[in-house]
Amino acid sequence: HRAARALSALELTDEQRSQVKGILRESGPAVEPLVDEVLRSKRALFDAVHAATFDEQAVRDAASAAARAGAALAVEKARIASRVRGLLTAEQQEKLEAIHQEFEARFLKHIGLARDIWREHAEDFIDEL
């Protein structure tokens, strides 16, 4: 949804919109199995972490598989983004960069808040046990 909002903010021409749709449709068959693998590998990692018996090698193997799946999906997403970016005018690319910077600022703020909340309440959580 973020990508769709960003693209709509760029005021694409009809031709650009058609080309982006083509890229997305063309990429679908490559992306879908990667998404499925990310979901499967994250589930396997969750199961390994929460297994009744601790098995370090199983956790490491599941974490490695999840990382590989995430990397494969990230590469494909970057490939798609690069192709779409190649369709944009210089002005649209500048606007997209501004959107990315705004997102990064919100992301970093969110991470900072999460860390602050954890630091502030970690002892309370432990004490509740």
Side-chain angles (χ1 to χ4, degrees):
H1 296 288
R2 282 189 305 249
R5 281 194 303 251
L7 287 172
S8 68
L10 299 178
E11 300 174 9
L12 300 175
T13 65
D14 289 342
E15 178 65 23
Q16 286 173 315
R17 194 173 294 109
S18 176
Q19 290 174 322
V20 169
K21 286 179 182 181
I23 290 169
L24 296 176
R25 284 189 179 108
E26 183 181 302
S27 302
V31 171
E32 189 172 335
L34 296 174
V35 170
D36 291 343
E37 183 56 30
V38 166
L39 296 174
R40 275 193 300 275
S41 65
K42 285 186 176 187
R43 176 57 196 233
L45 178 56
F46 179 88
D47 290 345
V49 167
H50 297 285
T53 305
F54 173 66
D55 182 343
E56 181 175 346
Q57 192 58 51
V59 173
R60 288 182 180 280
D61 291 346
S64 292
R68 283 190 304 275
L73 180 58
V75 167
E76 192 59 33
K77 288 168 66 175
R79 183 176 288 120
I80 294 166
S82 177
R83 289 180 65 195
V84 169
R85 201 174 297 112
L87 302 173
L88 303 178
T89 66
E91 182 181 313
Q92 289 169 324
Q93 289 182 17
E94 288 176 18
K95 191 180 278 190
L96 182 60
E97 181 57 32
I99 292 168
H100 283 165
Q101 288 176 0
E102 290 172 14
F103 172 77
E104 183 176 8
R106 285 193 311 271
F107 179 72
L108 292 174
K109 181 179 177 184
H110 177 76
I111 288 174
L113 289 173
R115 285 182 179 150
D116 291 346
I117 289 169
W118 172 252
R119 286 181 186 124
E120 185 177 332
H121 297 287
E123 285 299 318
D124 295 339
F125 171 76
I126 293 168
D127 289 343
E128 288 293 319
L129 299 174

Hydrophobic cluster membership, with links at side-chain heavy-atom distances under 4.5 Å among I/L/V/M/F/W/Y: are Leu10 and Phe103 in one? no

Nearest-0.5 Å distance, CG of residue Asp116 to CD1 of residue Ile111: 12.0 Å

Should Ile23 and Val75 be regarded as members of a common hydrophobic cluster, given that ILVMFWY residues are connected when their side-chain heavy atoms come within less than 4.5 Å of each other, either directly or indirectly? no

Sequence neighbours excluded, every pair satisfying side chain to side chain donor-acceptor pair (under 3.5 Å) that has a member inside residues 72-83: Glu26-Arg83, Glu76-Arg79

Report yes if the side chains of Leu87 and Leu12 come closer than 4.5 Å at any heavy-atom pair, otherwise no. no

Side-chain heavy atoms of Arg5 within contact of Ile99, under 4.5 Å: no

With the side chain counted from C-beta on, respond yes when Arg17 and Val20 share a heavy-atom pair under 4.5 Å apart, and no when they do not. no

Verdict with supporting geometry, Gln19 and Glu15, side-chain contact (heavy atoms from CB on, under 4.5 Å): CA-CA 6 Å; Gln19 290 174 322; Glu15 178 65 23; 3.4 Å; yes

Give, for atom NE2 of His110 and atom CG of Leu113, the distance between the pair rounded to the nearest 0.5 Å. 8.0 Å

Any heavy-atom pair between the side chains of Glu97 and Gln93 that's under 4.5 Å? no

Could you report the tightest heavy-atom contact between Pro29 and Pro33, atom names first, then the distance? O-CD, 3.1 Å

Look at atom CZ of Arg40 and say whether more than 12 heavy atoms of other residues, nucleotides or ligands are closer to it than 6.0 Å. yes

Could you work out, with side chain to side chain contact (heavy atoms under 4.5 Å, CB included) as the rule, every residue matching Ala69, not counting sequence neighbours? Glu37, Val38, Ser41

Gap separating the CZ atom of Arg60 from the CG atom of Asp55, nearest 0.5 angstrom: 11.0 Å

Greater than 12 external heavy atoms within 6.0 Å of His50's NE2: yes

Report the hydrophobic cluster partners of Val49, with the cluster defined as I, L, V, M, F, W, Y residues connected by side-chain heavy atoms closer than 4.5 angstrom, directly or transitively. Leu45, Val59

Shared hydrophobic cluster, Leu73 / Leu39 (ILVMFWY, side-chain heavy atoms < 4.5 Å): yes

Rounded to the nearest 0.5 angstrom, the CG-OG1 distance for Leu88 and Thr13 is 9.5 Å

Identify the heavy atoms of Leu96 and Arg85 that sit nearest to each other, and give their distance. CD2-NE, 4.3 Å

To check you understand the geometry: which heavy-atom pair defines the closest contact between Glu11 and Gln92, and what is its length? O-NE2, 3.6 Å

